[in-house]
Structures are given as structure tokens and as C-alpha cells.
Protein chains: 2
Amino acid sequence: MAGLAPARHDEETGGRLLGIGAAAQRLGVSERALRYYQQIGLIVPASTTPGGLRRYSESDVARVERIVELKTLLGLNLDEIALVLRNEDRIAQIRLTYHDERTSEDERRQLTRECLALQEDLRATVEVKRAALDAFLADLNARISRARALLADHDH
Amino acid sequence: MAGLAPARHDEETGGRLLGIGAAAQRLGVSERALRYYQQIGLIVPASTTPGGLRRYSESDVARVERIVELKTLLGLNLDEIALVLRNEDRIAQIRLTYHDERTSEDERRQLTRECLALQEDLRATVEVKRAALDAFLADLNARISRARALLADHDH
DNA sequence: ACGGATCTTAACGTCAACGTCAGGTTTGGG
DNA sequence: CCCAAACCTGACGTTGACGTTAAGATCCGT
């Protein structure tokens, strides 16, 4: 089974669904943002009431948290985030298909390779960013050392 | 003597100045962006022709490179970038007037300390980002390892 | 079955960071 | 001196990611 993976299917949502207001508050984003994310296909609430009100599950919340992370941390725009999420959805689907009896050995290997390639692609871009950030930090530290030297010199 | 904002000593520009077109092409930004950066006070070209054409020095180019770096790498907006650059200009100016008789010891120490604080503040935010990025990478690597394990298992 | 909080869609507004003309000016090579 | 290329200054347009009403529907506790 999935260890810590959010492979939660909505059969297991246990009734603890959030309205859009509560979800927005917990996430620290606006209701408008949640509707907008849905509008552009980033997320669909786990269910809706017969009257049409959005109900968000915990995995929905986690998904939005990921959206925010990808946005603030990696600086991706919503189109790029859509790509990443689609990849991850694909991976989840592959994992499901993988355990299906009707899936052949060859198919499974193929799917796993595809999944691996997608993840490694993302890792490559992230590592480029990390390297650049390290260089930036090194430069910054050098500047700080020089300023410190100036100070120490003056305090003689 | 235009000693207002840009404290770069371009005595040694050796005539190798770039027009806005060449500068933009080398930097991979638009001419409009360069004019806009000037408009909001991020950069002033090293000189202008008597007719009013902008001429960019190598240090101007370097400055714009820094702007782009701060933008793409740290995700700062132009207002925040203005803050960082002004701080760095200040440090450069302090370094230049280091042996100026008219600056008192106390003044120098105060300025240096102030700049140091600002730099360390920037470093703090950058390091937070770096830590988050590392966590992100670790998670990604874990996912990749699991996928690899799946593959190896199947290749048995 | 009612009323107030919560939510709906639709539509227009906003802001940063430029893009894109239009119409006139400057420059550098021949 | 001439002219095409490069450049200038406004001024208005665009795009992404929402913010903000407006006018009405839905949910839920009593």
C-alpha cells in the first residue's frame, strides 16, 4: 500500500469536507483564487452539494498547498504548475494501473519508466535552480565578509 | 557631477559603450524593459549622447544581469529589487569614500553596520528559500527512488 | 419553514511589467 | 551632405492572477 502517499480516493473522505470559506482560510488563499484554480483546471473539489456548493477534501487542500508551494518556491506560473500537477496525476494513475491484474509486465515497465522520466525532468530544473541559489548565496556571503572586514578594520 | 543615484566609476569605460539595441540583445531583454527599468529608477545608462541616446557600459550590463537574476531566481518584484540594489549601491559608495576625510569614524561604522544588517537580512530570506528548495528536492528524490525500486523489482 | 451566514455565477476592475504602435530625432557610413 | 538604421518620447494595449461588487441561490440551526 501507499505509505505516506496521498493516494486517497474520495471514497475515503469520511465526510470531513470543507466549504470554500473554511478551505480558503486554512490555506491562506482567497475564495476567488480557489474558484480561479478550478476554472483553469488546476483542481476540482472532491464533491459538490446538490445545490452546487463546492466541498473540499483534505487531499484537495493538500493539492492547493502544493500549488502554492510550486508558485512561491519555484516561481512557476499557473500554466507550468498545471503541467507539473498533470505529471503527478499521471504518476498516480500509473501506480494504480500498475497493480491491476490486467496490466502486462512490459506495460508496467514502460509506465514506470515514463513516470521516472517525468520526475527526473522536474528534478533537473529544480537542481538548476538550487545551484543558482547556492551561487547567489556564496556571492552574498562574500559581500558580507567584506563588509565585516571593513567593520573590523575600523574597530582596529 | 551627477552624483545622485548611480555611484559607478566609469572612467575606464574605454569607449566600449552599447546602444540600447545591442545591450538588450546581449542581455536577452527587450529595449522597452531597459527603458522601463530606467523609468522606475533601477538603472541609469553610463552616458547619453548629446542627442539623448542611451549608452550602456559593461557595469550597466552587469547591473541589469543582477536585476534579472533577482527577478527569476528569488522571485522579487521590481520594487524589492530596487531596495536590494540601492543597498548595494550604498555599500559601494561607502567603499569609495572610505578614505574620505570628511566622513567621521562614527559615521562610517554606522553606515557599514546598517548595510551589513541589510545584507544579512537578504541572506536570511535567501537561506529560507534554499532550505525549502532542499526539502522539495529531498521529497522529489524520495519519489524517484521509489519509482526506481519498482523498476528494479520488476527487472529482477 | 425561516432567516442569516455562506455560497453561486457573471461581469467588470486592478496592478505590475512590460508590448506595441505613432510620429519625430539622432547617428554613422558612404 | 544624405539617408537608412537606430533611437527617442508619449500614449494606449495586453496578460496573468486574481479583487470586487451585484444579484440572487443554498444551507443549516432553531
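These numbers come from a predicted model, not from an experiment. Chain identifiers are assigned alphabetically (A, B, ...) following the order of the sequence lines, protein sequences preceding nucleic acid strands; residue numbering begins at 1 within each chain.
Under the 4.0 Å criterion applied to side-chain N and carboxylate O atoms, A:R35 and A:E31 are assigned as salt-bridge partners. Ion pairing between a basic and an acidic side chain is recognised when a charged N comes within 4.0 Å of a carboxylate O; B:R148 and A:E120 show such pairing. We find that A:R26 and A:E58 are joined by a salt bridge, their nearest charged nitrogen and carboxylate oxygen being less than 4.0 Å apart.
Closest approach of A:I67 and A:I81 over heavy atoms only: O-CD1, 3.6 Å. Nearest heavy-atom pair across A:A147 and B:R95 is N-NH2, 4.4 Å.
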Can you check nucleotides 16-18 of chain D for protein contacts, nitrogen or oxygen pairs under 3.5 Å, and list what you find?
{"from": "D:dA17", "atom 1": "OP1", "to": "A:L78", "atom 2": "N", "distance (Å)": "3.1"}
{"from": "D:dC18", "atom 1": "OP2", "to": "A:Y37", "atom 2": "OH", "distance (Å)": "2.8"}

Atom pairs under 3.5 Å: protein N/O with N/O of nucleotides 27-30 of chain D:
{"from": "D:dC27", "atom 1": "OP1", "to": "A:T49", "atom 2": "OG1", "distance (Å)": "2.9"}
{"from": "D:dC27", "atom 1": "OP1", "to": "A:G51", "atom 2": "N", "distance (Å)": "3.1"}

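If you take CD of A:E80 and P of D:dT15, they are 17 Å apart, rounded to a whole angstrom. For the pair A:Q25 CD and C:dC7 C1', the computed distance is 15 Å after rounding to whole Å. At whole-Å resolution of the value, CZ in A:R35 and P in C:dA11 are 16 Å apart. For A:E31 and D:dG19, the CD to P distance is 10 Å, given to the nearest whole Å. Residue B:Q39 contributes atom CD, which lies 13 Å from atom C1' of C:dA16 at whole-angstrom precision. In this structure, B:L42 atom CG and C:dA17 atom C1' are separated by 11 Å, rounded to whole Å.
Residue B:R66 qualifies as enclosed at atom CZ: its count of foreign heavy atoms under 6.0 Å is above 12. More than 12 heavy-atom neighbours from other residues, nucleotides or ligands sit within 6.0 angstrom of CD on A:Q38.
To the nearest 0.5 Å, atoms CD1 (B:I43) and CG (B:D60) are separated by 4.5 Å.
Linking Ile, Leu, Val, Met, Phe, Trp and Tyr residues whenever their side-chain heavy atoms come within less than 4.5 Å places B:L76 and A:L73 in a single cluster. Hydrophobic clustering of Ile, Leu, Val, Met, Phe, Trp and Tyr side chains at less than 4.5 Å, counting indirect connections, keeps A:L83 apart from A:Y37.
For the strand DNA chain C, secondary-structure stems (runs of at least three Watson-Crick or G-U pairs, all distances below 3.5 Å) span C:1-30 with D:1-30.
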**Prompt:** Hey, mind stepping through A:R63 and A:D89 against salt bridge (charged side-chain N to carboxylate O under 4.0 Å, His left out) and telling me if it holds?
**Reply:** CA-CA 11 Å; A:R63 189 180 179 89; A:D89 289 346; 3.0 Å; yes

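Under 4.0 angstrom from either OP1 or OP2 of C:dC7 there lies no side-chain N or O belonging to A:R54.
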